[in-house]
Structures are given as C-alpha cells and as structure tokens.
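Given the structure is predicted, the values throughout are model-derived calculations rather than measurements. Order of the sequence lines sets the chain letters (A, B, ...), proteins ahead of strands, with each chain counted from 1.
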Amino acid sequence: MPKVSLADGRELEVAEGAAWADVARAAGIQAVAALVDGELRDIRDQAEEGQKVKLLTLTDPEALEALRHTAAHILAQAVRRLFPGTKLAIGPAIADGFYYDFDFPSPITRDDLPRIEEEMARIVSEDLPVERVFLSRAEAEDLLKEEGEAYKLELLSEIPDERISFYRQGEFMDLCRGPHLPSTGLVKHFKLLDLAGAYWRGDATRVMLTRIYGTAFASEEALTEHLKWREEARRRDHRRLGPDLDLFSIHNEAIGAGLILWHPKGARVRHEIETFWKERHFEGGYQLVYTPHIGRARLWQTSGHLDFYREGMYSPMDIEGQEFFLKPMNCPFHIAIYKSKTRSYRELPIRYAELGTVYRYERSGVLHGLLRVRGFTQDDAHIICRPDQVEEEIRKVLNFALDMLREFGFSEFSAHLSTRPAKFVGAPEDWDRATEALRRAVEAEGLGYDVKEGEGAFYGPKIDIDIEDSLRRAWQLTTIQFDFNLPERFDMTYVGEDGRKHRPYMIHRALLGSLERFFGILIEHYGGAFPAWLSPVQAVVLPIAEEQIPYAEEVAGKLRAAGIRAEAWTRGGKTLRYLIREAQLQKIPYMLVCGAREAGAGTAALRLRTGQDLGPQPVEEIISRIRAAISSHSPEL
RNA sequence: GCCAGUGUAGCUCAAGCGGUAGAGCAUCCGCCUUGUAAGCGGAGGGUUGCCCGUUCGAGUCGGGCCACUGGCUCCA
C-alpha cells in the first residue's frame, strides 16, 4: 500500500489506486485540490508512493488557480446555456482571475455580461458535481466533432496522450487538463470584468474570438478588495491625472497620436528628472552627447535598420535628392562619435550618454497614454569597452541603475536574463563571456532573476529589470544589452597594447527606459502626489484675507529665494477653504496659511498635503524643513 | 491592423417613441473679506468627432471614415 506524507508531518498509508480526495477524507481535511511535490494537482489524481502532499482547502492561496479555472468553466457553461451554438476555444486561470475565449454565432456586448453572471450564479447554486472522465482519442474526436467544436479539435490534435481528460458538470462537458474543484457550488465569489477581442492562439492571421475576463476569490472580502484595487488603479491612471494636474496632453487630430505635449508642470518634473539624471551620469563617468533627429539612408543601411527594422521606422524624407530617416535609435550616432578618431585601449571604457528623442511607428491600436507612444526620449547610453573590462562595467551599470531607481522611490526589483537564441551573430565565446558577466552582476546585487533561455536578441544577451510600483504592478524599465552586431557592421576598433586593431564590446543600456513612459509610471506610482523634489509646485502661500496679500507675497518670495518652487495665491474673492481644497486637488505638498496673526508674528501656519495641520511656525523653519525634504528625495514631507 | 464598446461646452454628465441641445464644475464680471477640502449672484461658451444618406425635420435612424477605451498565446 502506497505511503504519502502530508504537509502537517503525518504519514498516511493509502489504498492502492486511491485519489487525493480519498487521502483528504482519511486525513479529515476538506480539500479541493492538492499540491503534490510542489505542483498543483487535481484532487481526483491518484496518490503514489512517497509523494509529499499539501491538501488544499478552498481558502488556501495555492487553490486559487483551480478555483478560477472552475470559474472559467462555469462561465463557459453559462454562455452555452444563453447562447446556443457558441464554440469554445480556451479558458485558463490567469494572474488576477480567468478568461474564456468564445466564438459567438453573433456578437455580444458588455451589456450581456450581467445576464451571463446571473446564469453563472444559477450554476453555482445548482452545486453541480464536477467529474473528470477519460476518453480515448477516437471517442474524444467523435464527441468534439459531434458538438462542432473546431477549436477544441485543433487543441486535441496537439495533445500527445491517448487518454484524454474531460471535465463534466451537469450538461456541460469540456476538454480540459484541469485541475478543477469538486463542485460548482464552491465558486461563490466571482465577477465578470471585461469583454475583449483576442485572436485564436494569439495569431493575427487567424480568427478573432470574443474573450470574457473575470475574476474569482475564495471569499467575498478578497473579491471586494481586488475590485477596490482595480478602482484605485483606475483612479491613479496617468491619463486621468495628466490633464487633471495639467502635466501633459495628447492631441490626436491636431498633432498626432502617440505624440506628447509636456505642459509647464510636467516639463518641470521632467527637468528635475533630467537634471538629476545628468548629474548622476557625470559622477558615474559618462560623457553627455547630443545627436541629430535624422540621418541619411546609408547610415541606417550600414546599421541594418533598413533591412531589419524598417516597419518600425517612419517613411523617408527627401532632402536635396537624398533620403533621410527619423531616428528610431541613437546608437549609430554614438558609434559615429566613437569612430571620429582612432581610439586607444587606454581611452576605454568610453561611456556616451544621451537623452535622445527617437520616433518609432507603433500600430494605432497599441498606443496608450504616455506608456506606449510614437515619439519618446530614451535615457540612452552606450558603453564601449575592452573584453577585460566587461565584467566590471556590467557590475557598475547594474548598480548604477538600481541606485537611480531607488532615488525615484522604487525598492522592489526583479531581473530577467535573456540568453543566446538559435539565430545569432558574433562568436559563441563572446556570448558566453557576456552572459556570465550579466549573471554574476545580478547575483552580486542579490536580485532575484529568471533565465529566459534563448530569448536574447540576435545581436546579444541582455538583462531586463522590472520594478514594482505602489500598486504591486511590475513595469520593465532598465535594460542592459550586449551588441555583437553593430561594432562589426560599423567596423569599430581600438588600438591595443600590441599596436594592433581590436574589436571593442558595446553595451546599450537605458535605465528609466523613456522619459515619457517613466513619467507615466511615476504618476501612477505616486498617484500624482510626487515627493517634494519632483513636485512641480512645492509650496503655496495662502492669504486668509486681502490684507495679507503683501505678506503672502513676501513669504513666497523668501521660499523662492531659498530655491523652493513656491507660489502666493493672491487672487481675491476666494475663501481659505476654497484655496485649501484647490491646493489639495493639485497635490501640492506644502500649504502655508497666512492670516493676521501670522503676518504679525512673521510665521505661517503649515499644512501638509497629507491633511496634517502643523500650526504656525517661523518661516525660516518651514524653509529648512522643505529644503531637507527636497534634498533627501524622500516621499516624507 | 483586428474584435467589442464609446465619442454632446475646457472637465463630468443630461436630453422617453426622431421635433431644432441642458446642468454642475472650470472661465469671465460683480458682491462677500473669509482660519484648514467648494461663500453668493450674474454672464459668456456647443458645426452634438468628421462625411454621406433616410426624413418635412437627425445628438437620436442607416452607411463610411477618424479618434479613444478594454484587449489580442500568463497555452486543453
């Protein structure tokens, strides 16, 4: 009789052929799924000798995937009841919920979602047992053919097994790997969220299906919390906050989609970012360069962009009979600077940095506020070094990147190492050296990372860094990429100790990615309430009555003289309540209230954006407090 | 690009079966002289995304275009 060990340390002997459900019964646990040797398994799976199992109850987080997968089936069942003739595609559990792709006989709209939800609730209340049945390949094929399930048939043809699993609940039966909960009655807390188009198998050449997104949780509280989180993310959407805070605008008709106008306040934030960025780069041994927005066709011919990247580039313009292209990347220009004279090994490493504005064609459907645009400024740099310097340079640049991101208030990072793909240029030894340098650097930083085997670009391995924002969403910002292609194409060389020409290594890197995208992420991370050093307006001085206007102006003047971005709000006719509300909505960190008492005493009553009222304080003290907050880059006021 | 939805004043939103566009905020002008998230009154502001059609008459119905939103292999 097989013996298995439970998560609580117990060892159980089970009958030959017993399922985990039987084990759970024997152990007295209300299990809905099983985590067997660390893998989520169906409760109906057979227990085998020596396996370690954690029997999962409905509320175990590990069971969520099964719960959502079952929710997806309930969705499909409801859709089948309401829209006969609908074909099923696939319906997995995903990070935040689940979806199911359908081919409806006629289009449905969002307004149909409540009806579908109601039918789902009915299926839940029917508490249908979910059974697993195994069919032979031939039986499975017959069944799916009979039901006209063309998509499922395609999936079936790719399953290697001869024993095909189906799950059945009531009248509904679906080809599925599982795992699933024991019954539909367990999926009590769910919600349908969105309707979207999705290509069959994600392939743009194939049919467009209708995808219904939803989410499900083990408890009503967890579901409510998730919906609140979605609401908060919506509230923080940079496309909403941008116009509200007068930071930027986009004018599709008048100017063009995906092109950003930075308003004075947004521009001020950008200026602070850029200034800080440049200072740090000078300290880090980078040299700042500026390069043009366009270049002749032959440049892009040499770089290979015209052969491999043309669909991402804007059409050429004709200047005196020569073709010029808007730059999609800065590298060829930096290389030209490098090549403007003979380089010695003594000069290396050379690090060229540029806030370089590039233009790339993006399909209209993928444009998204500041996050996906057609014209953007990369915080770009190219490091050109000798092979013996690679290790050190990578270590430095990674450390540099993380330091910079921390200054902007991000503290959670994860890294992805992408290695050599099947099709590549350059020598495998170079690839290995570069890949190892990247690996050692992330390990030295103590970053968690995963390896994306074979997912590097054809020209070199790379490491990407994701940050996590205040809503626990991941964004890919930093990328550090080797290039074994361009040095070759442009014949970059340096003269070595031996007096001979050698090929340098080149590394592309962007830390923030692009200023537009980074700004969008910052807006959402802070919900528009920037830390003092980034706030476009750092302090407002609010007079209570007209008599205090001169005093308010004097105070604002003192703040400005101390390097603080301060305004006196002296337009008449507004109550203090009004002005405070106005300042709160604009998320201005410091409000200095000046009434008769303060004007007499040379003080101001300090209110923080947090709502905290600190009462009257000498203006000098307020100034040093604000200056300290600014220079610390801290979000604390 | 594709699927579904949406497009009315600077912003948020109204206008039962087609009958000739309205409110709050914002702006401007007054009054009020204000103590920690909206004081009061008045005025101006719209080619209802664009084009074509149906109709005596279109924000509303039909067609085409444009733009935006949610998405478009987290693999039975």
Side-chain angles (χ1 to χ4, degrees), chain A residues 65 68-69 72-73 88-99 101-104 107-113 140 144 149 151-161 164-167 174-178 193-213 234 237 239-240 243-244 246 249-254 256-258 311 361-369 542-549 572-586 591-598 605-609 611-616:
Chain A
E65 191 184 325
R68 289 170 174 169
H69 201 163
H73 273 210
L88 307 179
I90 57 172
I94 54 174
D96 282 331
F98 62 88
Y99 68 80
D101 285 347
F102 301 100
D103 187 357
F104 285 94
I108 68 157
T109 74
R110 283 184 74 90
D111 299 336
D112 293 309
L113 295 185
L144 293 174
E149 293 287 7
Y151 304 103
K152 293 287 181 192
L153 274 167
E154 186 175 327
L155 294 174
L156 176 66
S157 72
E158 290 167 21
I159 301 172
D161 316 345
I164 311 290
S165 74
F166 280 74
Y167 280 81
D174 193 9
L175 169 72
C176 183
R177 178 171 52 190
L193 299 171
D194 275 310
L195 192 63
Y199 295 107
W200 171 231
R201 320 225 74 179
D203 183 343
T205 64
R206 311 199 63 178
V207 294
M208 176 64 71
L209 303 169
T210 304
R211 174 170 298 179
I212 298 178
Y213 282 95
R234 201 185 62 81
D237 193 323
R239 291 167 303 172
R240 172 180 296 260
D244 282 358
D246 201 12
S249 60
I250 304 172
H251 307 257
N252 304 296
E253 299 80 17
E311 69 290 354
Y361 168 70
E362 299 278 1
R363 292 173 305 164
S364 60
V366 305
L367 297 175
H368 184 89
L542 312 176
I544 288 179
E546 267 169 41
E547 284 77 65
Q548 287 96 46
I549 287 179
K574 301 292 181 199
T575 59
L576 180 63
R577 293 165 64 79
Y578 182 92
L579 294 174
I580 292 212
R581 178 178 146 86
E582 199 60 19
Q584 285 292 150
L585 292 176
Q586 289 186 35
M591 289 158 240
L592 284 70
V593 176
C594 295
R597 293 199 296 272
E598 288 78 9
L606 182 61
R607 178 193 162 103
L608 305 182
R609 175 176 63 195
Q612 209 181 341
D613 181 359
L614 299 171

For this session: Determine the contact category for A:L579: base if any of its heavy atoms lies under 4.0 Å from a base atom, sugar-phosphate if only primed atoms, P, OP1 or OP2 are that close, otherwise nothing.
Result: nothing
Problem set entry | Mate of B:C28 where both pairing distances stay under 3.5 Å, Watson-Crick or G-U | B:G42
For this session: Decide yes or no on salt bridge (Lys or Arg N to Asp or Glu O under 4.0 Å) for A:R201 and A:E158, but give the supporting numbers first.
Result: CA-CA 13 Å; A:R201 320 225 74 179; A:E158 290 167 21; 2.8 Å; yes
For this session: Could you state the atom-to-atom distance from CG of A:D246 to P of B:G10 in whole Å?
Result: 16 Å
For this session: Any strand is fair game: report the nucleotide pairing with B:A9 by Watson-Crick or G-U wobble, both distances under 3.5 Å, or none.
Result: none
Exercise. Would you find a donor on one side and an acceptor on the other, under 3.5 Å apart, between the side chain of A:Q612 and the backbone of A:R607?
Worked result: no
For this session: Could you work out the separation of B:U20 and B:U55 based on their C1' atoms and round it to a whole Å?
Result: 14 Å
Exercise. Does NZ or CZ of A:R206 lie under 6.0 Å from the centre of the six-membered ring of A:Y199, at an angle within 45° of the ring axis?
Worked result: no
Problem set entry | Pair partner, B:A4 [Watson-Crick or wobble, under 3.5 Å] | B:U69
Exercise. Do the ring planes of A:F104 and A:F102 sit parallel (below 30°), tilted (30 to 60°) or perpendicular (above 60°)?
Worked result: tilted
Exercise. Does a distance-only test, which skips hydrogens and angles, find a donor-acceptor pair under 3.5 Å between the side chain of A:Q548 and the base of B:G35?
Worked result: no
For this session: Using a heavy-atom cut-off of under 4.0 Å over every strand shown, decide if A:A605 touches base, sugar-phosphate, or nothing.
Result: base
For this session: Report, as yes or no, whether the 6.0 Å neighbourhood of atom CD on A:E362 holds more than 12 heavy atoms from other residues, nucleotides or ligands.
Result: yes
Problem set entry | B:A4 versus B:G46 - spacing of their P atoms, nearest Å | 36 Å
For this session: Starting from the 5' end of RNA chain B, give me the residue, A:L175 or A:Q584, whose nearest nucleotide shows up first.
Result: A:Q584
Seminar exercise, completed: Taking B:G35, B:A38, B:G71 as options, the one with an atom nearest any side-chain atom of A:I544 is B:G35
For this session: To the nearest Å, give me how far apart NE2 (A:H368) and P (B:G71) are.
Result: 8 Å
Exercise. Where the side chain of A:Q586 meets the backbone of A:A583, is there a donor-acceptor pair that is under 3.5 Å apart?
Worked result: no
For this session: Describe the nucleic acid contact of A:R201 in one word from base, sugar-phosphate, nothing, applying a heavy-atom distance below 4.0 Å.
Result: base
Exercise. Closer than 4.0 Å, any side-chain N/O of A:Y151 to the OP1 or OP2 of B:U73?
Worked result: no
Problem set entry | Under 3.5 Å donor-acceptor, A:D174 side chain and A:C176 backbone | no
For this session: Could you tell me whether A:I580 contacts a base, only the sugar-phosphate backbone, or nothing, with contacts defined as non-hydrogen atoms closer than 4.0 Å?
Result: base
Exercise. Does A:R239 make a side-chain N or O approach to OP1 or OP2 of B:U69 shorter than 4.0 Å?
Worked result: yes
For this session: Determine the contact category for A:D613: base if any of its heavy atoms lies under 4.0 Å from a base atom, sugar-phosphate if only primed atoms, P, OP1 or OP2 are that close, otherwise nothing.
Result: base
For this session: Please report, rounded to the nearest Å, how far the P atom of B:U27 is from the NZ atom of A:K574.
Result: 6 Å
Exercise. How is A:F166 classified with respect to the nucleic acid when contacts are heavy atoms under 4.0 Å: base, sugar-phosphate, or nothing?
Worked result: nothing
For this session: Pick base, sugar-phosphate or nothing for A:A596, based on heavy-atom distances below 4.0 Å to the nucleic acid.
Result: base
Seminar exercise, completed: Of A:I108 and A:A89, the one whose nearest nucleotide on RNA chain B sits closer to the 5' end is A:I108
For this session: In whole angstrom, give the distance that lies between atom CD of A:E582 and atom C1' of B:A38.
Result: 9 Å
Exercise. Looking for any heavy atom pair under 4.0 Å, which part of the strands does A:A198 touch: base, sugar-phosphate only, or nothing?
Worked result: sugar-phosphate
For this session: State whether A:T210 places a side-chain N or O below 4.0 Å from either non-bridging phosphate oxygen (OP1 or OP2) of B:C3.
Result: no
Exercise. Are A:Y578 and B:A26 close enough that a side-chain N or O sits under 4.0 Å from OP1 or OP2?
Worked result: yes
Problem set entry | B:A38 phosphate, OP1 or OP2, under 4.0 Å from A:R577 side-chain N/O | yes
Problem set entry | Euclidean distance, atom CZ of residue A:F98 to atom P of B:C75 [Å, nearest integer] | 16 Å
For this session: Would you kindly give the CG-to-P distance between A:L585 and B:U12, to the nearest whole Å?
Result: 15 Å
Problem set entry | Distance in angstrom units between A:R68 CZ and B:C75 P, rounded | 13 Å
Exercise. How long is the line joining CD of A:E547 and C1' of B:G35, in whole Å?
Worked result: 14 Å
